[in-house]
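What follows is a single structure, written as structure tokens, with notes after it.
We name chains A, B, ... by the order of the sequence lines, and we start the count at 1 in each one. These numbers come from a predicted model, not from an experiment.
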There are 2 protein chains.
Amino acid sequence: MGQVKMPKVGRPPQGTAPRDTAEQLKQSALTLLARKGYSAVTIKDIAHEANLTTAMIYYHFKDKTDLVRATIEYAIENALQHFSKVSKNTDHPAALIHDWLQMHVSLQSDISKLLKLIVDYRHSDMRTPYIDAAIRHFYDTERELVAACIRRGQRVQVFKTGDPDTVSDLISTFLDGAMLRSFLVDDFDIKASIEMFEATLWTSLGFDGRWD
Amino acid sequence: MGQVKMPKVGRPPQGTAPRDTAEQLKQSALTLLARKGYSAVTIKDIAHEANLTTAMIYYHFKDKTDLVRATIEYAIENALQHFSKVSKNTDHPAALIHDWLQMHVSLQSDISKLLKLIVDYRHSDMRTPYIDAAIRHFYDTERELVAACIRRGQRVQVFKTGDPDTVSDLISTFLDGAMLRSFLVDDFDIKASIEMFEATLWTSLGFDGRWD
DNA sequence: GTCTATAAAAGGATAGAC
DNA sequence: GTCTATCCTTTTATAGAC
């Protein structure tokens, strides 16, 4: 519609802004897919969200499902990047779990989007072994990160009780619930909810609250 | 395709089987909508699942969204019926919470379907005040049932700690997570997961495990 | 790399016979 | 109440100009 288009000169924009057209399309797809799901989102919607036309999608991707698969990979990679940061910042086991929970508060938007994408994908007929493996890897990383931390906490006597793997699943399941509720309930206070859970968790693990 | 159709004689089938065509359609829609979501399910799919043709959907319902709205109502009514049973069977506050959790294990299939329907509906553009109100009523009932039970438990000194409303939300959020995981993870052991949560909950509420 | 225009397919909805 | 046949709209996907 007669939009003026700036010619691209020099390096593409830096920072969080999308770097190229393909990534721009994946980012747009991610937003829309999380909001409405695969079938409800048309390639026109995605192209429009990215200020492009449908033909551009077929220039960069084979078809609609190819774009969606690329988008899932993209979202998983992003999430895993954030995961790896958490384990770097802190040493105390309880502090690491705390950071883990807090990350879900601050990245709630991204993580709940990914979760919705995965639910959608799992019930679709476009599954591939490769994407299935990527999703499994994502869950395994999550599970192991927390379980390892609890194991370490028990070795140094910070945590007294609980099977590490079981507790890790308990935490993940609760966090999934919190992500879901943030989608579902308008005025859901995810921060308060996760903090309440944290308190419950410390009681259950026999952690006395001494952070040093 | 030349299917032989038995003439309907006498009373329709009794028990859990669908009683009439409209209910049969709602039941079929529920199954498919929970599996694939509104846009991914075609009226042809639904008609086929019910062993009928698309025209029958338009005989019983105004259009596709009308059928979906009726299906959500239907699923909520079913769930609320089950809810009301729980509060009748037991008296001890801890036993009631226990039954509440166990109900989510045994009715996991129905409840997770409803949950998926609601997520789908909330992000659709077919929302009506009436269905919105029905969903809110569903959540309020859930919340109040558990909160009232905890309040009573504190009055009779069975539970020692925790704000009833906050704890009620904690329970609901975890259960939502468990429902989601049962959709998401193939070999998810919902029974074990909820039992683990129950143990955590008793610790957190200061319940000593004396059921008398 | 990006657009316009259009072909091809799928899905929602209706008319009319039985 | 139920079916067959069909219309109309939406959506996916491609061809070809710039």
Basic-acidic side-chain contact under 4.0 Å: Arg151(B), Asp163(B): no
[X] [atom1] - [N] [atom2] separation (whole Å):
X         : N       : atom1 : atom2 : value
Ile57(B)  : dG11(C) : CD1   : P     : 13 Å
Asp125(A) : dA10(C) : CG    : P     : 13 Å
Asp66(A)  : dT14(D) : CG    : P     : 12 Å
Lys44(B)  : dC3(D)  : NZ    : P     : 14 Å
Lys36(A)  : dT10(D) : NZ    : C1'   : 13 Å
His60(A)  : dT2(C)  : NE2   : C1'   : 9 Å
Phe61(B)  : dG12(C) : CZ    : C1'   : 16 Å
Met56(A)  : dT4(C)  : CE    : P     : 12 Å

Is any side-chain N or O of [X] closer than 4.0 Å to OP1 or OP2 of [N]?
X        : N       : value
Tyr59(A) : dG1(C)  : yes
Thr42(B) : dG11(C) : no
Thr21(A) : dT2(C)  : yes
Lys64(B) : dG12(C) : yes
Tyr58(A) : dA13(D) : yes

Interatomic spacing from OG1 in Thr166(B) to CG in Asp189(A) - rounded to 0.5 Å: 10.5 Å
Residue whose closest nucleotide on DNA chain D lies nearer the 5' end, Tyr38(A) versus Thr53(B): Thr53(B)
Full working for ring pair (Phe, Tyr, Trp, His ring centres under 6.0 Å) between Phe188(A) and Phe183(A): CA-CA 9 Å; Phe188(A) 182 66; Phe183(A) 249 98; over 10 Å; no
Aromatic plane relationship, Trp202(A) with Phe159(A) - under 30° parallel, 30 to 60° tilted, over 60° perpendicular: parallel
Exercise: identify the closest heavy-atom pair between Lys113(B) and Ala34(B): CG-CB, 3.4 Å
Closest nucleotide among dC3(D), dC3(C), dA13(D) to the Leu52(B) side chain: dC3(D)
